[in-house]
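Okay, structure first, notes after.
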Number of protein chains: 2
Amino acid sequence: MPARGTYRHGDLRRALLEAGIELARFGGPEAVTLREATRRVGVVPNAAYRHFASQQDLLHAVRSAALAELAGSMETELAMIGADLSPSVFAMASLRAVGAGYMRFARAEPGLFRTAFGTGPQADRTLPAESADRSRLGPFQLLSLALDRMAAENVLAAKRRPGAEYLAWSAVHGLAMLVIDGPLRGMDEQQIDALIPRLLEMVEKGI
Amino acid sequence: MPARGTYRHGDLRRALLEAGIELARFGGPEAVTLREATRRVGVVPNAAYRHFASQQDLLHAVRSAALAELAGSMETELAMIGADLSPSVFAMASLRAVGAGYMRFARAEPGLFRTAFGTGPQADRTLPAESADRSRLGPFQLLSLALDRMAAENVLAAKRRPGAEYLAWSAVHGLAMLVIDGPLRGMDEQQIDALIPRLLEMVEKGI
DNA sequence: TTGGTTTGTGAACGCTGTCCACATATTGGT
DNA sequence: ACCAATATGTGGACAGCGTTCACAAACCAA
């Protein structure tokens with residue numbers, strides 16, 4: 001006898017994924033548990049196995065969603081610096097925009113950010129180059145694009161050498177990690193706000 | 001009847017801690033489980049509760065040990081650049097030394113590194129300034145010290161502004177995280193080796 | 001010796017992921 | 001329209017995890 005749901009849920013996979021995202025949002029990767037996700041959807045734990053091979057599989061799906069949201073935050077920030085700028089000014093501002101978007105997301109959604117770059121020995125890592133579908137750009141591609149623009153407009157202190165995007169990424173990512181999940185957690189918010197432009201400045205000048 | 005150990009172990013706390021470190025070394029923070037640690041020591045799980053308030057407490061102790069090992073790696077690297085250098089040359093080299101030590105530890109002991117900066121909502125974070133005993137310097141203090149030396153010898157591109165150590169730390173930490181636990185995992189080793197000096201160069205020039 | 005404190009044991013509880021057998025909807029062929 | 005095959009959710013079970021409680025054994029002090 002069908003007790004819990006309508007027995008035929010309709011789109012259980014999506015429902016479970018959304019429940020997982022919600023869990024990650026508030027509790028980070030370690031909060032996305034298969035049992036709790038199914039509980040929220042109102043279905044028995046095993047039902048999840050028809051749509052996700054394992055809990056890790058669910059977590060990977062949530063991770064992808066988190067990465068997409070991070071990219072969205074960067075694009076939002078990029079859109080805010082308007083297209084009425086001259087190419088060179090736009091190029092100059094784009095690195096700061098994507099960097100700021102990165103940091104904004106990390107601080108606004110620490111749970112999702114930690115999920116996106118979640119720790120763990122079993123976490124499946126895909127190199128940014130070969131990641132996902134080409135349609136949507138990932139965080140790394142957006143950062144790389146900003147550097148490309150700066151190089152094209154010659155507003156970069158140094159010549160754009162291959163791999164420079166990794167250096168920029170390291171700086172931004174490192175600050176984000178230290179702030180939301182590391183020893184800098186609890187640091188004064190204003191101090192962090194002051195640090196962000198200085199960090200991006202360091203990247204521009206030193207890359 | 002005393003079945004497992006000698007019933008009176010001697011120094012169970014230390015034994016459990018060392019077992020925990022061993023677990024963290026190979027499996028990262030999520031591998032340090034109370035039950036496995038006690039199992040290795042040959043004692044019943046509950047015995048741990050006489051020496052650690054909880055599993056988190058054990059993990060915190062392991063984290064401290066990991067941080068100490070990281071600092072040790074940085075000091076080793078610092079010692080390798082000899083004291084026969086002129087103060088200004090030594091200052092110049094010290095940032096790269098501590099940075100390299102940081103990266104070396106991260107790559108050589110990813111499990112311990114991930115434990116040192118372990119993720120999780122319940123991770124107790126202490127600001128570097130107020131951390132630990134004064135006798136041994138932590139990773140952050142060593143990095144900060146290197147920048148101080150460079151500023152004193154005027155070998156820094158810019159004036160040493162307060163908080164610059166956070167920027168340097170962010171860069172190094174970010175690369176380490178991306179390499180051992182993030183999307184850059186699996187990157188070509190030589191490529192990483194080439195990236196490290198460039199990253200430290202970026203810090204020197206851009207800070 | 002005796003009584004108290006420390007330290008390890010044993011059994012239990014609820015939580016987790018996962019596997020198995022089963023029941024129920026949906027779907028496609030005839 | 002019927003009937004078999006498939007897809008999907010249920011129920012029950014198992015092992016492993018952290019944690020708690022009551023109890024036993026060892027040490028220590030008076």
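Every chain is numbered from 1 and lettered A, B, ... according to where its sequence line falls, protein lines coming before strand lines.
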Distances for protein N/O vs nucleotides 19-21 of chain D N/O pairs under 3.5 angstrom?
unit_1 : atom_1 : unit_2 : atom_2 : d
D:dT19 : OP2    : B:Y49  : OH     : 2.9
D:dT19 : OP2    : B:Q55  : N      : 2.9
D:dT19 : O5'    : B:Y49  : OH     : 3.1
D:dT20 : O4     : B:N46  : OD1    : 2.7
D:dT20 : O4     : B:N46  : ND2    : 2.7

Would you say a side-chain N or O of [X] is under 4.0 Å from OP1 or OP2 of [N]?
| X | N | answer |
| --- | --- | --- |
| B:H51 | C:dT6 | no |
| A:R50 | D:dT6 | no |
| B:T33 | D:dG16 | no |
| A:R39 | C:dG17 | no |
| A:H9 | C:dA25 | no |

Measure [atom1]/[X] against [atom2]/[N] and give the value in whole Å, please.
| X | N | atom1 | atom2 | value |
| --- | --- | --- | --- | --- |
| A:L59 | C:dG17 | CG | P | 11 Å |
| B:E30 | C:dG17 | CD | P | 15 Å |
| A:L58 | C:dT18 | CG | P | 10 Å |
| B:R13 | C:dT6 | CZ | C1' | 16 Å |
| A:L23 | C:dG17 | CG | P | 11 Å |
| A:F52 | C:dG17 | CZ | P | 14 Å |

* Asked: To the nearest 0.5 Å, what is the distance between NE2 (A:H173) and CZ (A:F113)?
  -> 5.0 Å

* Does some side-chain heavy atom of B:V41 sit less than 4.5 Å from a side-chain heavy atom of B:H9? -> yes

* Does some side-chain heavy atom of A:L95 sit less than 4.5 Å from a side-chain heavy atom of A:L143? -> yes

* Using the six-membered ring wherever Trp is involved, compare the ring planes of B:Y102 and B:F117 and label them parallel, tilted or perpendicular (cut-offs 30° and 60°). => tilted

* Salt bridge present between A:R198 and A:D193 (N-O < 4.0 angstrom) -> no

* Structure fact -> Heavy-atom nearest pair, B:L199 first then B:A171, reads CD2-O, 3.4 Å

* What residues form a side-chain hydrogen bond (donor to acceptor under 3.5 Å, both in side chains) with A:R39, not counting sequence neighbours? -> A:E36

